[in-house]
Amino acid sequence: MKTKFPHLCQPITLGRVAFRNRMFSAPMGGTDITADCSVGPRTPGFYELRAKGGAAAVTASELVVHPQTDASHMFHINLTTPGNLAGWTFLADAVARHGAVPSVELSHSGQYAGTYLVDKDKKKSLTQFGPSDWVRPDGIPVKALTKEQIADIVKSYGEAATLAKRVGFQMVMVHGGHGWLVNQFLSPAFNHRTDEYGGSFENRLRFAREVLTEVRKAVGSGFPIEFRMSGAELFDGGYTLEDGVKIAQGVEDLVDLIHVSAGSYQFGFFTTHLPMFAPHGNNVYLAAEIKKHVHKPVATIGALNDPAQMEEIIASGKADVVEMARALLADPFLPNKVMAGQEDEIVRCLRCFTCMAERPTTGTRRCTVNPLIGRECEGTDVLPAARKKKVVVAGGGVSGMKAAITAAQRGHQVILLEKTGELGGILKSEQALPFKYEMYQLGLTFARQMEKEGVEVRLNTPATPELLEQLAPDALILAVGSSPIVPPLPGIDGDNVVVVNNYYLEKEKVADTVVVLGGGLAGCECAVHLGMEGKQVHLVEMRDSLAVDCNIRHRPILMQQVDKYTTVHTGLQGLRVTEEGLVCKDGEGKEVLIPGKTVICAVGQRSNRDTVNELRGCAPFVREIGDCARVSNITNAVYQGYHAALDI
């Protein structure tokens, strides 16, 4: 079979191990870590899904090599905890049995120990170790490691690598980037030692070389070692790309693959984990430059999910391997789809940070567009129903479409009714915001999946009791969504007002000066977009805080964009819309005019409960999902749609 992406699909050999393509699953922390830091029962399935999906390598993360100085609640490997090695063996085997190479990331958090603890107060009570004494910007003191501790940590890398090989891993990755301990020694910003581990470049490189030498001694020749590094730290005082080249050159004799990432945890989380506001592949230039100066293969990473872009990266020689993390949560089968030429069926990552917000919040994983993530042990295959039924789905938004797809995959006869002439629901409005276009694409992808699965779609057909009586479904899934809240303010129905849901239809009405009424997630993102277009934007919110409905990972970067592109007014209540803008009332009851020729109304959504109440008795089995049940988010909409169909 001739592939459309020959370079991306070409095998590669590292050491004496063959990899089936150039698409690797980058390190991602497991879904459940036991109290004693062993592999939990859900975690093997979490990694296995990416192996089934066609990734050439799947790397488990993070295995803390020296718990004595890194008290993070992350994975440990040892001979003393009952069941510990068994858990790792099951994990490695779960990956290997699907033809992928199982790998594990050997790590030490150093001065960032406890980063992923759900209990943030406990993090403050830990002793943080690093190359040098200092106080972190968040006020946490860091204690310099002694030479004896350094030697013991180096030894522990070898011991962990030995056990990793013993339980079935076929590659190890040494984490040397992102501000973790190896990177801290490399960084002039963090390493102020005056002994043989500090000062000159050669001294700052010493710890990394000692670690890699110990790992090589443990695993032997021919066993692949991947070294993950930041190509540049990307903050003032950190090392530059020129230094990154020297680091890569300084370790390449000890490794088989140089994995070039970017940034540092303390000062650049969003340069390491690119948000929706950054271009896809924004950090590829780092790998491309380093590849010019080394002889070992180079991997790149950074919000990559487009097969055409990844093919160009490999074909043009910018890198030898592309690594993906979030993209393979959104669609674990992306590599298989690339290999089969089915790239139009890929479910794209939205870069919404739900997956990363869940980890420090609840200690698990979840994905907005993939309801399987973190729950793989409950079953990843949609099984045929014992008895085929007629299923009607009312509503063609994301929740309804996911329900229709899943029900059809189970063999049911599925009819989807959509009252408008276009599928996608509220996601249709996202096509107007370039940094959220992938949310609009999600609706298009689900529409293609419905067509493939044989769902009968009836557009311009609202669900009514009369129609449902005629169709006589065995099961009815109500996904009739929500409607925008429009407050009864004088002037709100004027020609200078645009409801945020309709912005994509009425962009030409928006003038150069804009007031956005409503500082929730939708209002903030619309305001940022308008600011990016060069408009003067005022953002008005009645509460004291913006985007309280936003997850903890996305919110900080969104607030940076809000500060950059808008003028914020909190604690103001809208009173009336005029030709001059929005008249508000402040906390003291005084009227304030926020100037703007256009007002965008973004005060929220209200569930379409009247429609639900009208239809809920129209079938033996009825399930309410998505916004019509409770206004929420895409994550819950997809999850509810999937499981509603499984329940029929």
Side-chain angles (χ1 to χ4, degrees), residues 12-19 24 26-27 57 59 61-63 65-66 101 103-108 110 131 150-166 169-178 180-187 191 196-198 200-232 239 241-261 286-287 289-301 319-321 323:
I12 186 172
T13 298
L14 303 174
R16 289 196 292 266
V17 177
F19 297 76
F24 286 18
T59 301
S61 169
E62 297 180 35
L63 197 169
V65 299
H66 197 258
V101 173
S103 177
V104 63
E105 182 181 46
L106 308 181
S107 181
H108 193 301
I150 292 173
D152 200 44
I153 291 171
V154 169
K155 180 183 176 184
S156 73
Y157 273 94
E159 292 170 344
T162 297
L163 292 177
K165 183 177 180 181
R166 174 174 164 178
F169 287 96
Q170 299 168 27
M171 180 167 73
V172 294
M173 175 189 292
V174 173
H175 195 344
H178 301 172
W180 267 208
L181 186 61
V182 174
N183 175 261
Q184 290 161 28
F185 273 88
L186 294 169
S187 174
N191 187 347
E196 65 268 34
Y197 290 98
S200 68
F201 172 78
E202 290 73 17
N203 282 354
R204 286 186 282 113
L205 185 67
R206 189 180 308 278
F207 180 66
R209 284 195 58 83
E210 287 182 353
V211 165
L212 291 168
T213 299
E214 192 73 15
V215 172
R216 175 57 71 198
K217 185 169 64 174
V219 298
S221 61
F223 188 97
I225 298 174
E226 181 176 1
F227 182 64
R228 191 180 210 191
M229 60 172 287
S230 293
Y239 68 72
L241 176 54
E242 183 179 358
D243 299 316
V245 169
K246 292 172 62 180
I247 291 168
Q249 291 173 325
V251 301
E252 69 170 318
D253 61 310
L254 297 170
V255 305
D256 301 280
L257 180 64
I258 301 169
H259 172 144
V260 181
S261 186
L286 298 168
E289 183 60 28
I290 286 173
K291 182 166 168 55
K292 296 175 185 176
H293 302 279
V294 297
H295 302 288
K296 293 291 176 69
V298 171
T300 189
I301 192 169
D320 303 284
V321 169
E323 306 228 9

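If you're wondering where the values come from, they're calculated on a predicted model, not measured in any experiment.
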Using modelled atom types and a 3.5 Å cut-off, is there a donor and acceptor pairing between side-chain atoms of Tyr239 and backbone atoms of Ser230? yes
The reported gap from CD in Glu196 to CD in Glu202 (rounded to nearest 0.5 angstrom) is 14.0 Å
Tell me, please, which residues at least two apart from Phe19 pass ring pair (Phe, Tyr, Trp, His ring centres under 6.0 Å). Phe24
Side chains of Asp253 and Arg209 in contact at under 4.5 Å (non-hydrogen atoms): yes
Where is the tightest heavy-atom contact between Val219 and Ala161, given as atom of each residue plus distance? CG1-CB, 3.9 Å
Using side-chain contact (heavy atoms from CB on, under 4.5 Å), reason through Tyr157 and His108 one step at a time and then give a plain yes or no. CA-CA 9 Å; Tyr157 273 94; His108 193 301; 3.6 Å; yes
Closest non-hydrogen atom pair, Arg16 against Ser221: NH2-O, 2.9 Å
Taken in chain and number order and not counting sequence neighbours, the residues that satisfy ring pair (Phe, Tyr, Trp, His ring centres under 6.0 Å) with His178 are His175
Measuring from atom NE2 of His293 to atom CD1 of Ile258, what distance do you get when rounded to the nearest 0.5 angstrom? 12.0 Å
Tightest non-hydrogen contact, residues Val172 and Phe223, listed as N-CE2, 3.7 Å
For residues Arg228 and Ala26, report the shortest heavy-atom separation together with the two atoms involved. NH2-CB, 4.4 Å
Are Val211 and Ile153 close enough that some pair of their side-chain heavy atoms sits under 4.5 Å apart? no
Any side-chain heavy atom of Leu257 within less than 4.5 Å of one from Val298? no
Which pair of heavy atoms, one from Thr59 and one from Glu105, lies closest together, and at what distance? CG2-N, 3.8 Å
Asn183 side, atom CG; Arg204 side, atom CZ - distance, nearest 0.5 Å: 10.5 Å
In chain order, what residues pass the ring pair (Phe, Tyr, Trp, His ring centres under 6.0 Å) check against Phe207, with sequence neighbours excluded? Phe185
Taking the side chain as every heavy atom from C-beta outward, state whether Lys291 and Asp320 have any pair of such atoms under 4.5 Å apart. yes
What distance do Leu254 atom CG and Thr213 atom OG1 have between them, rounded to the nearest 0.5 Å? 4.5 Å
Closest approach of Ala57 and Met171, non-hydrogen atoms and distance? CB-CE, 4.1 Å
Is the shortest heavy-atom distance from the side chain of Leu212 to the side chain of Val174 under 4.5 Å? yes
Tell me whether Glu289 contacts the main-chain N or O of Val245 through its side chain, where contact means a donor paired with an acceptor under 3.5 Å. no
Do the side chains of Thr300 and Val260 get nearer than 4.5 Å, heavy atoms only? no
Can you tell me how far apart CD (Glu214) and OG1 (Thr162) are? Round to the nearest 0.5 Å. 8.0 Å
Are Leu14 and Ile225 close enough that some pair of their side-chain heavy atoms sits under 4.5 Å apart? no
Quick one: NE2 on His259 to CD on Glu323, what's the gap to the nearest 0.5 Å? 4.5 Å
Identify whether the distance between the nearest side-chain nitrogen and carboxylate oxygen of Asp256 and Arg216 falls below 4.0 Å. yes
So Phe227 and Lys296, do their side chains get closer than 4.5 Å, heavy atoms only? no
